[in-house]
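Worth knowing before you read on, the calculation uses all heavy atoms, side chains too, and leaves out hydrogens, waters and symmetry mates. The sequence lines fix the lettering, A, B, ..., with proteins before strands; numbering per chain opens at 1.
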Amino acid sequence: AQSVAQPEDQVNVAEGNPLTVKCTYSVSGNPYLFWYVQYPNRGLQFLLKYITGDNLVKGSYGFEAEFNKSQTSFHLKKPSALVSDSALYFCAVPGAGSYQLTFGKGTKLSVIP
Amino acid sequence: DAGITQSPRHKVTETGTPVTLRCHQTENHRYMYWYRQDPGHGLRLIHYSYGVKDTDKGEVSDGYSVSRSKTEDFLLTLESATSSQTSVYFCAISGGGSGNTIYFGEGSWLTVV
């Protein structure tokens, strides 16, 4: 079964520092991988996705993600964190045969002023 | 924002009563989904639809039914609400295909007392 894991429930980072939110995947074949962000009391917003090609994917709000096939990882990164980046982040992978997404349990990012 | 409207946005209901949540889209997307979000579980798929009158079960479908009589509307019904169904429910849409992005509505907060 296709799955993703987010090993950290919470990540704290100081404003202006680089941030990383981790995701590892378990899929058969070539993976499609997604990142979403959820602000309090809001729906999930699409950030970026990896389909094929360049291992570094650029997305919305200055975020990027690095696909690493040997480590089966797709970590979300940003060079300089903002307080407004504080939110819940979800990694996701398509489920088998139904065009739906299977999500990780989420990582709460707190950017400290 | 994707053209997805969920109603009601907030509802409190009593155990044993039926509840229907509505999702309306203006994007003419083929696929529609209902997810629930609970702390520690991330998002889990309840049901999805791949066309008018075409629906299938997701990971946590027990106690829920769905209907899709028009492309733009996808209804989620709790036949007899239980406290374990207290959750945040998200509707989502997609054009289909494993690489296609899924877009989410703003959520419906349901409390069963």
Spell out, yes or no, whether [X] and [Y] are grouped together once hydrophobic residues are joined by side-chain heavy atoms under 4.5 Å, including indirect joins.
{"X": "Leu48(A)", "Y": "Phe90(A)", "result": "no"}
{"X": "Phe46(A)", "Y": "Leu76(A)", "result": "no"}
{"X": "Leu88(A)", "Y": "Val93(A)", "result": "no"}
{"X": "Tyr39(A)", "Y": "Leu19(A)", "result": "yes"}
{"X": "Tyr36(A)", "Y": "Val11(A)", "result": "no"}

How close do [X] and [Y] get, counting heavy atoms only, and between which atoms?
{"X": "Thr101(B)", "Y": "Phe34(A)", "result": "CA-CE2, 4.0 Å"}
{"X": "Trp109(B)", "Y": "Arg42(A)", "result": "CH2-N, 4.3 Å"}
{"X": "Phe104(B)", "Y": "Leu44(A)", "result": "CB-O, 3.5 Å"}

Decide if atom NZ of Lys49(A) counts as having more than 12 heavy atoms of other residues, nucleotides or ligands within a radius under 6.0 Å. yes

>> Does atom CD (Glu14(B)) have a neighbourhood of more than 12 heavy atoms from anything else shown, all under 6.0 Å?
In response: no

If one checks every heavy atom of Tyr50(A) against chain B at 4.5 Å, the contacting part turns out to be neither

Turns out that what part of Gln38(A) lies under 4.5 Å from chain B's heavy atoms comes down to side chain

Highest number of heavy-atom pairs under 4.5 Å with chain B among Leu33(A), Asn41(A), Asp9(A) belongs to Asn41(A)

Within residues 104-113 of chain A, the residues sitting under 4.5 Å from chain B by heavy atom, in sequence order, are Gly104(A), Lys105(A)

Could you check if a side-chain atom of [X] sits within less than 4.5 angstrom of a side-chain atom of [Y], using non-hydrogen atoms only?
{"X": "Tyr32(A)", "Y": "Asn100(B)", "result": "no"}
{"X": "Asp56(B)", "Y": "Gln100(A)", "result": "no"}
{"X": "Leu101(A)", "Y": "Tyr35(B)", "result": "yes"}
{"X": "Phe103(A)", "Y": "Gln37(B)", "result": "no"}

When the 4.5 angstrom heavy-atom criterion is applied to Glu59(B) and chain A, the contacting part is neither

Honestly, the part of Tyr50(B) sitting under 4.5 Å from a heavy atom of chain A is neither

Greatest number of non-hydrogen atom pairs under 4.5 angstrom with chain A, of Gly107(B), Cys91(B), Gly40(B), falls to Gly40(B)

